[in-house]
Structures are given as structure tokens and as C-alpha cells.
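Structure record follows, encoded as C-alpha cells.
No experiment lies behind these values; they were computed from the predicted model shown. In each ligand, atom 1 is the first atom listed, and ligand 1 is the first ligand listed.
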Amino acid sequence: MLIRRFRPGDSADIRPSEITSESVYLNRRKLLQAALATGVTGIGAAWTHDAAAVTDLKAQRNAKYSLSDPPNSYEDITTYNNFYEFGLDKGAPAANSGRFKPAPWTVTVKGEAENTGTFAFEDLIKPHPIEERVYRLRCVEAWSMVIPWDGVPLAAALKQFKPTSKAKYVAFKTVYRPDEMPGQRGRSLQWPYVEGLRIDEAMHPLSFLAIGLYGRTLPNQNGAPLRLVTPWKYGFKGIKSIVEINFTQKQPPTTWNISAPHEYGFYANVNPKVDHPRWSQARERKIGSGLFGSRVPTLMFNGYEQEVASLYRGMDLKKYY
Ligand SMILES: Nc1nc2c(c(=O)[nH]1)N[C@H]1C(S)=C(S)[C@@H](COP(=O)(O)O)O[C@H]1N2
Ligand SMILES: [Mo]
């Protein structure tokens, strides 16, 4: 099998130009289902996904921030994932994350803020009622999905820590638990996974801290118990299973930029006019949309140009990709 390490989002054995065809995808799903039924994943460890860990949430749909596009199925969203901590293949996160324990959970907040320390996950999200937002996730690999996320605006969560005027960026870190995350025992990426936003991006009303989807808590493969969602950026900015939030003065390093700096920048804004060095970003394939998928034009900032273009006024978006 051809392993391509430095490409967020692609299945390990499929070329970007042929992004998973629906039939391949369906076959993978059948394999995965069979594997789950027998408890044998074929990927190594025979871990089964503990669906019982997912519980119902009460969330009010926020129509202002929701797309009217029909969401992908729960099954699509929870079996076609990128979470390299559990393996490179799209099916690996669902198959290999059953041993991961998302509760109890704490998040350490540090850096340029008045209120720092270690906080229970439940307290972190307390400042705002849980709401549901339907966003499109556009992977840098030129496919997309529509996902109803449940969570709180990132700004509401961050403001309670009272970041100071020195806080120019916010850095996030994923948990490091090689015992529970088999991918972390290899070197596909530098662990732990890290990401960051400029403070004004983090405080933008579209930035979201998801704790669930489809009215249920996040399954492990989608980043339990909390993950970032920035809908105008490529999916890899959406860091999963966050354990640290650091308010910084300087632009923090980000995992994909460390892996392949000429391919993945800090900003990672969805931009159909800036090609990836190895493929076009002009179009995207909608997952679950028929045998050969429908390819649709990719929109500037994933359709949120009106909302976010002002954040980047005066910047050369080919330079700051
Ligand atoms: N910690 C961590 N977060 C991650 C990733 C990862 O490998 N590790 N993959 C990213 C990529 S490339 C994408 S496209 C999205 C996928 O989110 P989903 O599986 O919930 O659709 O998660 C992002 N967050
Ligand atoms: Mo991705």
C-alpha cells in the first residue's frame, strides 16, 4: 500500500485526483461494518466503537448560521473521517477509537489571559446555551460534507478567560495518549496535533466549539469531547479532542504546516483561486451525493465571503494561504 503521509484528509491509498469514488466508499463502509460486527478491524487492533458513550444533547438550531443544504447522513459523518491519531484511512477513526476515553475531560488554559488554569470540560462550555449549526466541512482534499454541529460559539467560551491585549493568537492542542490512540505510536505526523487562529478569527461569530452532532455528543472519531469548527477554512483547522488553549503573542506553529510548509499555510482559508501545489482547489466533490459524486465549484471562503473577507483585507491571499 502506498502511504502518503503529508496530505491531510486523503485516504492513504487513493490519489487526490480520484478522491474516493462512491463505490469505493460503499465497499469500505461494508468492510468496516463487517469488521465492527465481528470485532475485527483488519487494521491491527480489534477495538470496537463504543456507541453507548454517545448521549443525547439538547440544542436549539441557530438558523442565522445554518446552511439550508441537506446534511450528510449520520453514518457518512461518523464513518468517513480524518483523525490521524487513529490511523490514516478514512475508516480507521471509527474502527480504532473505541478505547478512547473522552470523559472525564479537562482543558488547560494558559498564556495571555487573566483567567488561566485547568477547567472541567463542562465549565468551559457553560457560558452559552448549546446550539446547532449546519456548516459545510470542506477538506483540503477537495471533498465536502454538510454537518449539523452542536456546541457553543468559540468567542463565548474564550471570553470567560479574559484574554489580555497581548493575546494576538489562540493556539490549540490535541490530547496525547498513545495508549488510546494507535496512530500516535507512529510518525505520520508530529504529535500532539496543534492548530491556531488569529484572535480576531477565533472571536468571529462563525467560529464554533463543537461538542456534538445531530443532537448527540461527539463520537470519538469526530473529536470527542470537543473540537474546533471554522467553516470558512479547510477542515484540517478543525482540531479535535482539545486539551489546551494558549493565548499567545506570536503566531503558533500548526501541525500540517510543520509537515509540509509549502502545501499548508497558517491561514488555510478555503480559496478556489489558490491551488494546492499538487491539485486544483477550484471544485469539490460532495460526499454521499451519488455514484460518481457531484463535483461543484468551491466558493471563496467556503461561501462565507461576506462574513469573513474583512478579516483579510489588504492581505495577499496567495502569500498567506
Ligand atoms: N487532532 C486531529 N484533528 C484533526 C485531524 C487530525 O488528524 N487530528 N484531521 C483534520 C482534518 S484533515 C479534517 S478534514 C477534519 C475532519 O473532521 P471529521 O472527521 O469530523 O469530518 O478534522 C481535522 N482535525
Ligand atoms: Mo482534511
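Note that Lys237 lies outside the cation-pi zone of Phe172, set by a 6.0 Å cut-off to the ring centre and a 45° limit from the axis. With a 6.0 Å cutoff to the six-membered ring centre and a 45° limit on the axis angle, Arg198 does not count as a cation-pi contact of Tyr169.
Of all atoms in ligand 1, numbered sequentially from 1 with element shown, those under 4.0 Å from a heavy atom of Phe83 are 1 (N), 2 (C), 6 (C), 7 (O), 8 (N). Those atoms of ligand 1 with a heavy atom of Asn82 less than 4.0 angstrom away are 5 (C), 9 (N), 11 (C), 12 (S), 13 (C), 14 (S), 16 (C), 19 (O), 22 (O). Below 4.0 Å from some heavy atom of Thr174 lie the following atoms of ligand 1, by number and element: 1 (N).
Residue contacts with ligand 1, taken as heavy atom pairs separated by less than 4.0 Å, involve Glu85 solely via side-chain atoms from C-beta onward. Residue contacts with ligand 1 for Leu137 involve side-chain atoms from C-beta outward but no N, CA, C or O (heavy atoms, distance under 4.0 Å). Contact annotation for Glu141 and ligand 1: no heavy atom of the residue comes within less than 4.0 Å of the ligand. Here Tyr84 has heavy atoms under 4.0 Å from ligand 1 in both its backbone and its side chain. Proximity of Asn81 to ligand 1, defined as any heavy-atom pair under 4.0 Å, is shared by backbone and side chain alike.
When only interatomic distances are considered, the shortest N/O to N/O separation between Tyr80 and ligand 1 does not fall below 3.5 Å. Residue-to-ligand polar distances keep Gln221 apart from ligand 1: every N/O pair is separated by 3.5 Å or more. Every N/O-N/O distance between Trp149 and ligand 1 stays at or above 3.5 Å. The shortest N/O to N/O separation between Trp256 and ligand 1 does not fall below 3.5 Å.
Ring pair Phe236/Tyr264 is perpendicular by interplanar angle, where above 60° counts as perpendicular and below 30° as parallel.
With salt bridges taken as basic N to acidic carboxylate O contacts below 4.0 Å, one links Arg278 and Glu263. The residues Arg61 and Glu132 are annotated as salt-bridged, a charged nitrogen and a carboxylate oxygen being separated by less than 4.0 angstrom.
Under a 4.0 Å heavy-atom criterion, Gly238 is in contact with ligand 1. Contact annotation: Glu195 has no heavy atom less than 4.0 Å from any atom of ligand 1.
For atom 12 (S) of ligand 1, the candidate residues are Tyr234, Trp191, Phe236, Phe172; the nearest heavy-atom contact is made by Phe236. Distances from atom 10 (C) of ligand 1 to the heavy atoms of Trp143, Tyr193, Tyr264 show the closest one on Tyr193.
Within the 4.5 Å cutoff, no side-chain heavy atoms of Thr108 are placed close to those of Val243.
Between atom CH2 of residue Trp143 and atom CD of residue Glu284 there is a gap of 10.5 Å, rounded to the nearest 0.5 Å.
In terms of the salt bridge (Lys or Arg N to Asp or Glu O under 4.0 Å) criterion, residue partners of Lys110 (sequence neighbours excluded) are, by chain and number, Glu244.
Aromatic pair Phe266/Tyr321: ring centres not closer than 6.0 Å. For Phe86 and Phe83, the ring centers sit closer than 6.0 Å to each other.
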